[in-house]
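When a ligand or atom number is given, it counts from 1 through the structure's own listing order. Predicted, not measured: the structure shown is a model, and the values here were computed from it. Positions are given from 1, in the same order as the sequence printed here.
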Amino acid sequence: RRDPRTMSIASDAQQMIEVARSEGIETVWDRLEAQQPQCGFCVLGVSCRNCAMGPCRVDPFGAGPQKGVCGAGADVIVARNLGRTIAAGSSSHSDHGRDILEVFAATAHGETTGYRIQDVGKLTRLAAELGIPTEDRTTTQVAVDLADRLMDDFGTRRASLSFVERSPKPRQELWDRLGVTPRGIDRENVEMLHRTHMGVDNDPVNILLHGLRTSLADGWGGSMIATELSDIMFGTPSPVMSTVNLGTLKPGWVNIALHGHNPMLSDVIVQAAEDPALVDRARELGAEGINLVGLCCTGNELLMRRGVPMAGNHLMQELAIMTGALEAMVVDYQCIMPSVTDVARCYHTVVISTADKARFPGAVHVSFDPGRGLEIGRDIVSRGVEAFANRNPDRVRIPDEPVEIMAGFSVEAILGALGGTPAPLVEAIADGRIRGAVGVVGCNNPKITQDYGHVTLTRRLIENDILVLVTGCAAVANGKAGQMVPAAASLAGPGLRATCEALGIPPVLHMGSCVDNTRILVLAAALADHLGVDMSQLPLAGAAPEWYSEKAVAIGAYVVASGITTVLGVDPPILGSAAVTGLLTSGLDDVVGAKFAVEADPEKAAVLIRRHIEGKRAALGLPA
Ligand code: NFS
Ligand code: SF4
């Protein structure tokens, strides 16, 4: 059997994989093995089931059919598949953004409980930025107008999304010239589905350009709306200490894991868990209290804003239940494996689904309604508390002690730490103390030893004086490895180390959940504007060493379309088309000033990124 050390570098995961085996419970790694060998046509992207004349596949070796029934060759099929993947990812993040926007609008109209405008300053700044009058007006009036304005961004009434204006002028002009300026968030996604219907857009380059536009509608649209309005409603993050890994579960306590993505649910649950009546009930049942932990991006949202401990990233969701110490797993949507209800059946854990658009057979469904936010939050926490009575203490196995992590680096917090302007960071980059910055983002994927890609790449970058910005599951990986506390500055090269020590910050900054990758865009735009250049000229890069999800593809596409070269650690299913592969990994550089690279080995990816950053520095005339 496979050695658990080849499955994850994290000791909590390794120990729980052994538990899974001894209990005979199937995990994501077992199912990946059972799927071998995975379909070679699909791996290369040359299979199509877009219509009922198919399904079709193109023979990558040239001996069999080179066209589908409709006549589509490998280039069109690969481009169409990629386009649909981008649309699915972009739609996921943007629909999350819409959910936040709807709750924000309802809150502005006084129709919710448990929500309020927490960051009035940010509301006012955002409104002013978008030309909404703020003087002599109430918070409510401004919020209503802001909600209206952003609702328009989802539809077809605008020629360009509101936040496109935030990108540097040369980038906006480039997007206009290429015809990829995003017009409406829903519109670009719908248009992608239209274009990839049989017999519509049969030009792979044209499809891919629209793929960039679709992704930009996420990065500078739906996701950015999610981030900005979450900050306004739940607070803009500022540096906070917390803990991470499965050791955050506490043996004598009611443990409730909040898993999924949208902070609008988890935020009211945090409020409900402080309800003295529920805490008393937990004590009555013999527990010491109620312990909330996060998983995946909901966990990141709570960690960033409230310092809630983080139980783990993507591949930890099944293992968290196997600790036998989890009373409830509360889920909303995205990245929640259907298998969690199967694992929960072997324990006393209640899985509670909350989003009407994401139902899980085997879960208890508590339909979320922001009009009764607090009440529903209490109902959910109470179900977790009652489940404590069913816990079997003999089956409780919590591996490891938690590790410390510092989170909360919003752009506002970073600029605040620098004295309100990007100047000190720009100077540190300009004189070479910091060589550049890299966003290490994205998922876990069982095809890669869990966390190895994130932790190794990040380590090599900081050792070489490159500041690392992390989000999503990449952030959790680095946290578990102890690379996200101020003391981790000692792991960094001398220039980065000195800067971090002077500011009291880690060399790896937690910027939030995956929708919060938009914070990285905003920071990149601020640096570019400060220097009077485009983002593509900056010594920056992106990396998704262990990506798995469609959302990650949309993120990669908008990061590249924004001018930041991105390295993937897992092959995207495009290699069956030399034309598409060539465009993405080389030709795109001449079009948007950035491209994709694929490198599975994080040691080699680090070298590739360092070379790229030094190249950008040289082009700007910065010291070697
Ligand atoms: Ni991002 Fe968050 Fe994690 Fe990947 Fe999933 S949790 S939105 S998609 S797996 S980083
Ligand atoms: Fe086959 Fe063309 Fe239909 Fe795709 S769209 S399934 S390639 S006939």
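Near C296, meaning under 4.0 Å from one of its heavy atoms, ligand 1 places the atoms 6 (S). With ligand atoms numbered from 1 in the order given, ligand 1 contributes 9 (S) to contacts under 4.0 Å with heavy atoms of H314. Remark: ligand 1 atoms within the under-4.0 Å shell around heavy atoms of S549 are 8 (S). The atoms of ligand 2 that sit less than 4.0 Å from any heavy atom of M198 are 5 (S). The atoms of ligand 1 that sit less than 4.0 Å from any heavy atom of C297 are 2 (Fe), 6 (S), 7 (S). Taking every non-hydrogen atom of Y548 and a distance limit under 4.0 Å, the qualifying atoms of ligand 1 come out as 9 (S).
Using modelled atom types, one finds a donor on one side chain and an acceptor on the other under 3.5 Å when comparing N313 with N444. Side-chain atoms of Q334 and H96 form no donor-acceptor pair, as typed in the model, at a separation below 3.5 Å. In this structure, a donor-acceptor pair under 3.5 Å is absent between the side chains of H259 and D332. At a cut-off of 3.5 Å, with distance as the only test, no side-chain donor of N245 or D400 sits close to an acceptor on the other residue. Side-chain N/O atoms of D59 and Q66 include no donor and acceptor closer than 3.5 Å. Between the side chains of S339 and D342, no donor-acceptor pair of N or O atoms lies under 3.5 Å. No donor-acceptor contact under 3.5 angstrom links the side chains of T214 and E188, judged on distance only.
Counting all heavy atoms, side chain and backbone alike, I232 lies closest to F104 at CG2-CE1, 3.9 Å.
R195 and E191 are joined by a salt bridge, as a carboxylate oxygen and a charged side-chain nitrogen come within less than 4.0 angstrom of each other.
Counting heavy atoms under 4.0 Å from ligand 2, residue R80 touches it through the side chain alone. At a heavy-atom cutoff of 4.0 Å, ligand 1 is contacted by no atom of W547, backbone or side chain.
Partner of R519 under the side-chain hydrogen bond (donor to acceptor under 3.5 Å, both in side chains) criterion, out of D231, T227, T471: D231 alone.
Counting only non-hydrogen atoms, the option in G54, G71, C56, A52 that gets closest to atom 1 (Fe) of ligand 2 is C56.
Under a 4.0 angstrom heavy-atom cut-off, G442 registers as being in contact with ligand 1. Residue H93 places a heavy atom less than 4.0 Å from ligand 1.
In this structure, S562 and W220 have side chains that are in contact, with non-hydrogen atoms separated by less than 4.5 Å.
Given atom 3 (Fe) of ligand 1, the protein heavy atom at minimum distance is C473 SG, 2.3 Å. For atom 2 (Fe) of ligand 2, the nearest protein heavy atom (residue, atom name, distance) is C70 SG, 2.3 Å. Nearest protein neighbour of atom 7 (S) of ligand 1, counting heavy atoms only, is H261 NE2, 2.9 Å. In terms of protein heavy-atom proximity, atom 4 (Fe) of ligand 2 is closest to C48 SG, 2.3 Å. At the shortest separation from atom 5 (Fe) of ligand 1 among protein heavy atoms lies C335 SG, 2.3 Å. Looking from atom 4 (Fe) of ligand 1 to the surrounding protein, the closest heavy atom is C443 SG, 2.4 Å. Nearest protein heavy-atom contact of atom 1 (Ni) of ligand 1 is C514 SG, 2.2 Å.
Here C51 fails the criterion, with no N, O or S atom under 2.8 Å of atom 1 (Fe) of ligand 2.
For Y333 and H261, the ring centers are positioned 6.0 Å apart or more.
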